[in-house]
Amino acid sequence: MRWETLRNKFLRDLERELLSGKVDEEIVRLLEIINSSEDFFTTSSCSGRIVLIDVPENGDKKRAKVLKKWHREISVEEIASSIRELSFNWILWFSSQQPIIDVSCKSLEGAIDLIKIGVASGFKDSCIKSISENRVVVEIRTSEKLYSPIGYGGRVLIGESELELLVRSANLIQRRGKNRLRRLTTSTEKYIKERERTER
């Protein structure tokens, strides 16, 4: 598929997701900036999230069920209330994940530039995800995350003090992720504007 055709398809998909409210509000500005350049388009993204997941066994993503998620910091009372209300059959995992953005690039040069911006913004694990005939896919990410099993077979395995520690750690990861996302947005906007100016 040609670059223009592929890019238009993903931009239409993103527009539908935006209209249906399925895109994290805090990442919309960054997506707009990246997609404003004809040399890039975004394919998937997340502004960071805290999640409760029911997993049959480690690595079984196909049968895993996301039971609850928040794209922000949460309170201990909020997560405790959710746990009481949820029904889970397997291993209940508590997770906090930082922002992640996948970007298709028209050139290797552009891909390398985005990786440099990502790393400078705190996304130390940013890398080239794949290279094909018509695009280079970059993943802007960091390794900072938290995963902890907190329940099994419908029974919660941790107490209030352990939950408080997990929530405090999860919120710190979210705070750092949002700060990195703001730096990335500012740096990417500067880069795109400079790129457009030099190409005129």
Side-chain angles (χ1 to χ4, degrees), residues 3-4 6-51 66 69-75 95-131 135-147 167-200:
W3 169 262
E4 291 79 9
L6 193 61
R7 182 172 183 273
N8 288 336
K9 174 190 177 301
F10 275 98
L11 291 183
R12 286 194 301 270
D13 290 346
L14 176 60
E15 187 63 30
R16 283 194 294 269
E17 296 286 297
L18 285 166
L19 290 173
S20 61
K22 294 181 180 179
V23 182
D24 308 344
E25 188 176 325
E26 288 182 286
I27 208 167
V28 170
R29 179 59 186 152
L30 175 61
L31 301 185
E32 289 174 343
I33 291 167
I34 294 171
N35 290 315
S36 69
S37 170
E38 294 183 359
D39 294 331
F40 306 100
F41 65 86
T42 56
T43 55
S44 64
S45 63
C46 178
S47 66
R49 62 182 188 169
I50 294 173
V51 197
V66 174
K69 62 181 175 180
W70 301 263
H71 295 282
R72 55 174 173 79
E73 295 182 40
I74 59 171
S75 67
S95 171
S96 184
Q97 304 156 12
Q98 289 234 345
I100 184 168
I101 307 101
D102 282 356
V103 185
S104 288
C105 311
K106 195 173 185 179
S107 69
L108 181 59
E109 176 194 7
I112 292 171
D113 286 345
L114 285 190
I115 290 172
K116 288 179 179 177
I117 292 169
V119 170
S121 300
F123 294 91
K124 303 298 185 184
D125 283 4
S126 297
C127 63
I128 290 176
K129 189 176 180 181
S130 66
I131 300 177
R135 60 173 168 158
V136 180
V137 179
V138 165
E139 194 166 73
I140 299 173
R141 66 183 188 189
T142 180
S143 61
E144 188 176 10
K145 52 185 173 285
L146 180 154
Y147 285 97
V167 169
R168 189 161 63 247
S169 301
N171 284 341
L172 180 58
I173 287 172
Q174 291 306 304
R175 207 170 306 135
R176 287 174 176 166
K178 305 305 183 190
N179 287 337
R180 287 179 174 126
L181 191 59
R182 283 189 285 271
R183 292 200 299 271
L184 179 65
T185 301
T186 299
S187 297
T188 304
E189 184 171 27
K190 182 179 178 181
Y191 164 72
I192 294 294
K193 285 181 177 178
E194 180 63 23
R195 188 181 179 94
E196 290 175 348
R197 188 185 67 79
T198 56
E199 287 177 354
R200 285 172 188 161

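Keep in mind the model is a prediction, meaning the values are calculated, not measured. For the numbers below, each heavy atom of this structure counts, side chains included, while hydrogens, waters and symmetry mates do not.
Looking at W3 and R135, their side chains come closer than 4.5 Å, going by heavy atoms from C-beta outward. In this structure, the side chains of L31 and S45 come closer than 4.5 Å at one or more pairs of heavy atoms. At a threshold of 4.5 Å between non-hydrogen side-chain atoms, the residues F123 and I115 do not count as touching. Using a 4.5 Å cut-off on side-chain heavy atoms (C-beta onward), V103 and T43 make no contact. Put simply, the side chain of R12 reaches to within 4.5 Å of the side chain of N8, judged on heavy atoms. Contact annotation: the side chain of I128 approaches that of L108 to within less than 4.5 Å [non-hydrogen atoms, C-beta and beyond]. C46 places none of its side-chain heavy atoms less than 4.5 Å from the side chain of I27.
The side-chain contact (heavy atoms from CB on, under 4.5 Å) check on T186 picks up nothing, with sequence neighbours excluded. By the side chain to side chain donor-acceptor pair (under 3.5 Å) test, Q174 pairs with S96, sequence neighbours left out. In terms of the ring pair (Phe, Tyr, Trp, His ring centres under 6.0 Å) criterion, Y147 has no residue partners (sequence neighbours excluded). Shown here are the salt bridge (Lys or Arg N to Asp or Glu O under 4.0 Å) partners of E73, two or more places apart in sequence or in another chain: R175. Considering only residues two or more places apart in sequence or on other chains, R72 meets the salt bridge (Lys or Arg N to Asp or Glu O under 4.0 Å) condition with E78. By the side chain to side chain donor-acceptor pair (under 3.5 Å) test, D13 pairs with K9, R16, sequence neighbours left out. In this structure S44 satisfies the side-chain contact (heavy atoms from CB on, under 4.5 Å) test together with D102, sequence neighbours excluded. Under the salt bridge (Lys or Arg N to Asp or Glu O under 4.0 Å) criterion, R29 pairs with E32, E189, sequence neighbours left out. The salt bridge (Lys or Arg N to Asp or Glu O under 4.0 Å) check on E25 picks up nothing, with sequence neighbours excluded. For T42, the side chain to side chain donor-acceptor pair (under 3.5 Å) partners two or more places apart in sequence, or in a different chain, are N35. For the side chain to side chain donor-acceptor pair (under 3.5 Å) test, residues two or more places apart in sequence or in another chain that qualify with D24 are S47, H71.
Shortest non-hydrogen contact noted between I74 and V167 is O-CG1, 3.6 Å. In this structure, S95 and Q97 approach most closely via the heavy-atom pair OG-NE2, 2.9 Å. Looking at every heavy atom in both residues, S37 comes nearest to I192 through CB-CD1, 3.9 Å. Nearest heavy atoms, R141 versus C127: NH2-SG, 3.8 Å. Smallest separation of non-hydrogen atoms from K124 and V119: NZ-O, 3.4 Å. Of all heavy-atom pairs spanning S121 and S187, the tightest one is OG-OG, 4.0 Å.
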Walk me through it: do N179 and R182 pass the test side-chain hydrogen bond (donor to acceptor under 3.5 Å, both in side chains)?
-> CA-CA 5 Å; N179 287 337; R182 283 189 285 271; 2.3 Å; yes
Can you list the steps and then say if I101 with L181 is a side-chain contact (heavy atoms from CB on, under 4.5 Å)?
-> CA-CA 10 Å; I101 307 101; L181 191 59; 4.3 Å; yes
What's the verdict on salt bridge (Lys or Arg N to Asp or Glu O under 4.0 Å) for E194 and R197, showing C-alpha distance, side-chain angles and the deciding distance?
-> CA-CA 5 Å; E194 180 63 23; R197 188 185 67 79; 2.5 Å; yes
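For the pair T188 (side chain) and T185 (backbone), a donor-acceptor distance under 3.5 Å is absent. The main-chain N or O of F40 is found under 3.5 Å from a side-chain atom of R7 such that the two form a donor-acceptor pair.
The salt bridge (Lys or Arg N to Asp or Glu O under 4.0 Å) pairs that include a residue from residues 37-47 are D39-R195, where partners are two or more places apart or lie in different chains.
Taking the six-membered ring where the residue is Trp, F41 and F10 present parallel rings, their angle staying beneath 30° rather than reaching 60°.
For the atom pair D125 CG and I140 CD1, the distance stands at 12.5 Å (nearest 0.5 Å). Note that CD of E139 and NZ of K129 are 4.5 Å apart. Values are rounded to the nearest 0.5 Å. Here the CG-CD distance, from L11 to E4, works out to 11.5 Å after rounding to the nearest 0.5 Å.
Side-chain polar atoms of Q98 and R180 form a donor-acceptor pair below 3.5 angstrom.
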